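Source: prediction; values computed, not measured.
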Amino acid sequence: MKVINPYNFIPLPEGKPDRRPPIPHDRFMGYAGEFEITLNSISPMIVCSGREQGIPLRGKREGKEYYFIPGTTLKGMIRNIYEILEGGCLRLTQVSNLKTPHEREYGGCERNNFLCPACRVFGMLSKGEVYRGKVNPGDLIGPLAGPIRGETKIEVTVGRPKAEHAAFYQKEKNLRGRKGYYHQEQPVQGTLQTKNIYPLPAGTIFQGTISFKNLTPREVTLLYYSLVLEEGLAHKMGFGKAAGLGSVTVQVTSMKLADLGKRQNFSINWLSALPPESQAILEDLKKRTDPTYQAFKSIYSIQGIQEKRYGYPSYKWFKDNPQMSLEEFNDGFSTTSEY
Ligand SMILES: [Zn+2]
């Protein structure tokens with residue numbers, strides 16, 4: 001069976017990020033509120049600390065130990081989607097990797113009074129310049145932590161093709177865009193370097209709250225979309241994404257929001273639904289036909305994944321095929337078992 005590289009790239013939108021001055025934090029403008037969310041793993045998953053890789057994070061709450069997902073991990077996951085949809089800056093990409101004028105337009109925001117759509121919502125930090133984000137995800141609390149069981153052990157390939165494989169990572173010397181990992185039906189067994197990890201099984205549930213303030217109707221709508229996505233799509237989270245781990249879905253189980261810019265005296269009119277403008281914003285989003293949105297949907301899709309097998313090219317393949325591109329690999333130059 002043909003083997004496909006476990007990740008692909010979502011191209012940057014044309015033009016440049018829509019940078020503007022952000023809303024100052026000392027004002028009440030637009031929507032404030034919170035989303036209650038439930039996250040459900042649809043594949044084995046593991047969110048671990050850098051110190052204890054391989055074991056799911058656990059922490060004490062009211063005397064009992066629970067598995068949990070830090071708010072910062074959740075924030076990273078939804079910010080990633082928001083950046084794709086709204087053309088946010090490439091804040092984590094080194095400037096030296098941005099080659100063309102188009103790519104350099106997407107370099108990380110540097111001034112806290114002139115920010116891309118994603119930095120205006122999630123915040124920025126660059127060389128002493130700071131803008132605190134308007135979205136604050138709390139930790140997600142999972143099931144009571146049990147003993148680590150050996151039978152959930154999965155081997156994961158930790159060797160990765162590195163950025164120096166230019167033919168693979170770049171297209172005609174340009175950056176290929178943002179990286180995204182495909183969903184996989186069966187986690188892949190590592191074949192080269194492996195690491196023993198102990199993921200939580202599919203069907204593990206975590207719950208928590210995301211609070212926000214000063215969001216425009218578009219921002220609150222796209223924040224909501226960045227959580228729940230749409231029919232047939234799912235998120236990737238945590239360790240072992242290339243090996244097929246970390247496919248998760250998110251539901252907003254309840255919400256509470258109010259337009260604080262429109263409040264009268266001290267009475268706040270809390271809503272339990274998105275603003276009236278949201279429906280049109282979501283419909284327009286789902287009608288997009290640009291390459292960015294199309295690539296996003298194809299990589300985040302959980303439909304038809306049963307027919308596909310994923311794997312990295314081996315180090316030997318990279319050595320034997322130094323100039324071969326990601327497309328050529330995916331197009332089946334690798335139909336043998338030794339991919
Ligand atoms: Zn930015």
Side-chain angles (χ1 to χ4, degrees), residues 22-23 25 28 30-42 45-50 56-61 66-86 88-89 91-92 109 115-125 130-143 178 180 200 204-230 233-239 241 246-258 260 270-275 278 300:
I23 291 174
H25 282 297
F28 288 118
Y31 286 91
E34 55 190 42
F35 292 136
E36 296 287 337
I37 69 163
T38 296
L39 180 145
N40 185 9
S41 66
I42 55 173
M45 72 168 301
I46 180 164
V47 172
C48 43
S49 70
L57 266 180
R58 37 170 78 200
K60 278 228 162 73
R61 225 158 244 249
Y66 294 89
Y67 294 115
F68 79 101
I69 296 168
T72 48
T73 302
L74 175 65
K75 187 175 176 181
M77 184 179 86
I78 53 180
R79 178 174 186 148
N80 181 38
I81 304 289
Y82 198 97
E83 286 173 347
I84 293 169
L85 298 176
E86 287 289 73
C89 69
R91 71 204 157 93
L92 302 174
C109 293
L115 298 177
C116 76
C119 288
R120 291 202 295 273
V121 170
F122 295 95
M124 70 86 80
L125 174 66
V130 181
Y131 178 70
R132 228 167 357 102
K134 303 186 290 189
V135 171
N136 187 16
D139 292 347
L140 298 178
I141 310 302
R178 300 172 208 273
L200 297 171
T204 305
I205 285 173
F206 292 84
Q207 293 181 303
T209 303
I210 296 180
S211 57
F212 50 85
K213 62 177 185 184
N214 289 4
L215 297 184
T216 66
R218 182 175 179 82
E219 287 171 340
V220 76
T221 306
L222 292 178
L223 173 65
Y224 173 81
Y225 179 93
S226 299
L227 285 161
V228 302
L229 303 177
E230 61 187 275
L233 307 186
H235 288 282
K236 286 284 251 184
M237 172 181 254
F239 190 73
K241 294 187 185 85
S247 295
V248 304
T249 56
V250 176
Q251 279 177 288
V252 172
T253 51
S254 69
M255 66 175 86
K256 179 177 118 167
L257 65 167
L260 294 189
W270 292 104
L271 307 171
S272 57
L274 291 173
S278 293
Y300 283 79

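The side-chain hydrogen bond (donor to acceptor under 3.5 Å, both in side chains) check on Y66 picks up nothing, with sequence neighbours excluded. With sequence neighbours excluded, no residue forms a side-chain hydrogen bond (donor to acceptor under 3.5 Å, both in side chains) with Y224. Partners of T73 according to the side-chain hydrogen bond (donor to acceptor under 3.5 Å, both in side chains) rule, which considers only residues two or more places apart in sequence or in another chain, do not exist here. Taking T216 as the reference, nothing meets the side-chain hydrogen bond (donor to acceptor under 3.5 Å, both in side chains) condition, with sequence neighbours excluded.
Within a 6.0 Å sphere centred on CD of E230, other residues, nucleotides and ligands contribute more than 12 heavy atoms.
In this structure, the side chains of N40 and Q251 stay at 4.5 Å or more apart for every pair of heavy atoms. The shortest side-chain heavy-atom distance between P275 and V220 falls under the 4.5 Å cut-off. When side chains are defined from C-beta on, V135 does not count as touching K75, because their heavy atoms never get closer than 4.5 Å. Annotation: side chain of R79 is in contact with side chain of C119 (closest heavy-atom distance under 4.5 Å). A 4.5 Å side-chain heavy-atom check between S247 and K236 finds at least one atom pair inside the cut-off. At least one side-chain heavy atom of L257 sits less than 4.5 Å from a side-chain heavy atom of F212. Residues M124 and R91 fail the side-chain proximity criterion, which asks for heavy atoms closer than 4.5 Å.
Interatomic distance, OG of S278 versus OH of Y225, reported as 14.0 Å (0.5 Å rounding). Rounding to the nearest 0.5 Å gives a distance of 11.5 Å between CG of L115 and CD1 of I23. Atoms CG and CG, on L222 and L85 in that order, are 6.5 Å from each other to the nearest 0.5 Å. Expressed to the nearest 0.5 Å, how far CG of N80 lies from OH of Y300 amounts to 4.0 Å. H25 NE2 to Y131 OH: the interatomic distance, rounded to the nearest 0.5 Å, is 4.0 Å. With rounding to the nearest 0.5 Å, the separation of CD1 in I141 from CD1 in I69 is 9.5 Å.
I78 approaches S226 most closely through the heavy-atom pair CG2-O, 3.4 Å. F206 approaches L200 most closely through the heavy-atom pair CZ-CD1, 3.8 Å. Taking all atoms of both residues into account, the shortest heavy-atom contact from L227 to V250 is O-CB, 3.2 Å. Between T249 and A234, the shortest heavy-atom distance links the atoms CG2-CB, 4.0 Å. A pairwise comparison of heavy atoms in C116 and C109 identifies N-SG, 3.2 Å as the closest pair. Contact between L215 and K134 at its shortest, heavy atoms only, is CD2-CE, 3.8 Å.
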Listing, residues 31-39 side-chain donor-acceptor contacts under 3.5 Å, not counting sequence neighbours, or none:
residue	atom	partner	partner atom	Å
E36	OE1	T209	OG1	3.1
E36	OE2	T209	OG1	3.3
T38	OG1	Q207	NE2	3.2

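Within the 3.5 Å criterion, the main-chain N or O of G71 finds a donor-acceptor partner in the side chain of D139. Between the R120 side chain and the P22 main chain, no donor and acceptor come within less than 3.5 Å of each other.
Applying the salt bridge (charged side-chain N to carboxylate O under 4.0 Å, His left out) definition to pairs two or more places apart or across chains, those involving residues 209-218 are E86-R218.
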